[in-house]
Amino acid sequence: MLNGSRARVHVAASLLHGWRIGWSVGGLILLSITLAASPKLIVLPQVLADSEVTAPAAVVATLVGSLLLLPLCVEPASHLIATAPRGRQIAVVIRLAVMTVVAYLAIVLPAHAGGWAPISALATFTGEGLILAGTVGVTTAWTLPTVHCLAAMTFGADVHAKVASWAWVVSGSPSASFVTVSLAIYAIGLAVMDRSAGRGRNAYD
Amino acid sequence: MTVAGQQMSRSSWWFRLGITDATSGTPLATGIVSFLAALTIGSLAGTNIMLPGWADPFNLGLTAVLFQAPLAIGSGATAAGWLLRHDVLTFADTTPRGRRAALTITTASVLLWQAAAVAGLLAVVLLRSDLAGPLTPAMLLLPALDVALVVAMVLVGSAVGSHVKTVFGAPVLAVGVFVWLYASAYAPGRWKLLSPTYSEIFYQNYFEPNHALVGGQALIATAVAISAAAVLFRRTAYRWVAVGVAFGLTVAGGASLSVASIDPVQYRSPPAQAACATRDRITLCVWPDSSDVLQPSLDALVSVARSARPYIAISGSFFQPGLQSLMPRGTVYNVPATRQEGGFDFVALRAAVDSVVCGKGRSRAASEFAGWLSARSSASYYSASSGRVSHLPRAKQQYRVNQWKSQFGRC
């Protein structure tokens, strides 16, 4: 039996343990270096717009950031997690939340980007991935954020270069309602993952 | 797949593909996302800016590979990677037909969904488009390239996925393919030959896709697909045949691209006879497909010519682009891209100016002449300041027009 303080140490250690954290952190470092060397604004390949549409590089990079977070959903021994104390079960969600903040900082600091746009995009893409990871499995969780981001980048603007509402994720200045929707998607994603971990479901499948 | 040495019959293979493999697991999950995304984008994409005909909808479908190709390669890698990570391939190796059978049916399931996504998007876009325009064999190269690219992406994804265990494989491939499509679309010079999407193009009815460019890219995409199939289905008798065919297609595609211009469009073969009309010593000829705009275009040209009288006579032959071989002498008349009110007046003014300035359209005199003619006609495109001459007394106007004419010379 572990006493309370040792259990907390074990929970903290489990937040940082594992090769998947290593892959995610390594990928985020590479992403930071790339962003530091990239232009602050990039031209989106909007197919239908008759004039140039741009988006902050940090906003587009949030797709890569969210994809790097998805492997953290994997629990190799999910049946043990299901029978573990609540503190250990929720460690999966805490680890995801902490790493989301790390991913946000890794994106916005080298890109000198601020505001709600990167937060909204990262929350949306990560939330969409988590919802899919918790329900279908992490193997296919990359599809929803990827198709949302790429479709918004290519077909999200009309002929007058106005960004459609469904493509708010590539908008440089999302409205408060879209930021709220993004944060709600993220919260739902975390809740779905928590429920999935509590049931002992192996997100790897 | 074989069970205890029994070969699965062809009909049961298709049954398993349609009922079991394509409707479960990773092919289903990635397939549904791809298919629904395709239908959604096909429904949301603004088709009202496209010109009449089949080329623009086909081109929109091809441009959609910007998000469909990354999904296709990722889906192939996801499905094959799942088989690898869960040791299904190791198990299949113990059967007479080996892992090839397991990979075949999984890859075919992914292909089925991705083909449905491509067909679904194209069908929705075609249904929402104005197809009352030309359809030439060269235009069919656009959907052919579309299909070849998606098939190649699925097969490459499966080939990589059957060798790479990491769960990062699929998203890395998807992002990588998008980076390629994005970077090549903005590449300078002949590097643009690497880009299979032409998003900035709208096909006037006298244009069709560049045969050598689009055909060459379709051949190379097919070669990539066959090469990936050879990697995927190694240890079979057909492997070296596939490698040979892929090599031949690569050489043919490369030869085609080496002679191709980077311009994605070219003129269609001219018709045997153009649609022509004459009035007030002005003859206008257009493509038979554009006969609906012949009369309003001629009306606009005659109106501009009348507004120039008595200072200068505007007459002669005008023809739509692509009819040069039928009308060696004359001035190009560009039919307006949209049939909006005033559109004919503007293009008629442009053509009338071009017929007078004799290739000196960028000179200051040409600009002043265009402003003067614009102010006198109903085509108020040019700024009012450049049309001040039209308010001068008649003698002074004639003097300025003669000055301009002397600078233009005779065509």
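Sequence lines set the chain letters: A, B, ... in the order given, protein chains first and strands last, and positions in each chain run from 1. These numbers were taken from a predicted model, which means no experiment stands behind them. The figures here come from the full heavy-atom set of this structure, side chains too, leaving out hydrogens, waters and symmetry mates.
- Taking B:Gly81, B:Ser34, B:Ala64, B:Gly169 one by one and counting their heavy-atom pairs under 4.5 Å with chain A, the maximum is reached by B:Ala64.
- Note: B:Leu213 CG to B:Asp263 CG = 9.0 Å, rounded to the nearest 0.5 Å.
- With a threshold of 4.5 angstrom between heavy atoms, B:Leu44 approaches chain A through side-chain atoms but not through N, CA, C or O.
- Interface remark: of the candidates B:Thr63, B:Thr197, B:Leu181, B:Thr63 forms the most heavy-atom pairs closer than 4.5 Å to chain A.
- With chain A as the partner, the residue from B:Ala29, B:Pro70, B:Gly74, B:Gly46 showing the most heavy-atom pairs under 4.5 Å is B:Gly74.
- Taken from CG in A:Asp158 to CD1 in B:Ile49, the straight-line distance is 8.5 Å, to the nearest 0.5 Å.
- Neither the backbone nor the side chain of A:Leu70 has a heavy atom closer than 4.5 Å to any heavy atom of chain B.
- Contacts between B:Ala45 and chain A at a heavy-atom distance below 4.5 Å involve backbone atoms as well as side-chain atoms.
- Of the inter-residue distances, the one linking B:Met50 atom CE with B:Arg128 atom CZ reads 7.5 Å to the nearest 0.5 angstrom.
- Under the 3.5 Å distance criterion, with hydrogens and angles disregarded, a donor-acceptor pair is assigned to the side chains of A:Thr100 and A:Tyr186.
- Across all their heavy atoms, A:Thr143 and B:Leu71 have their closest contact at O-CD2, 4.2 Å.
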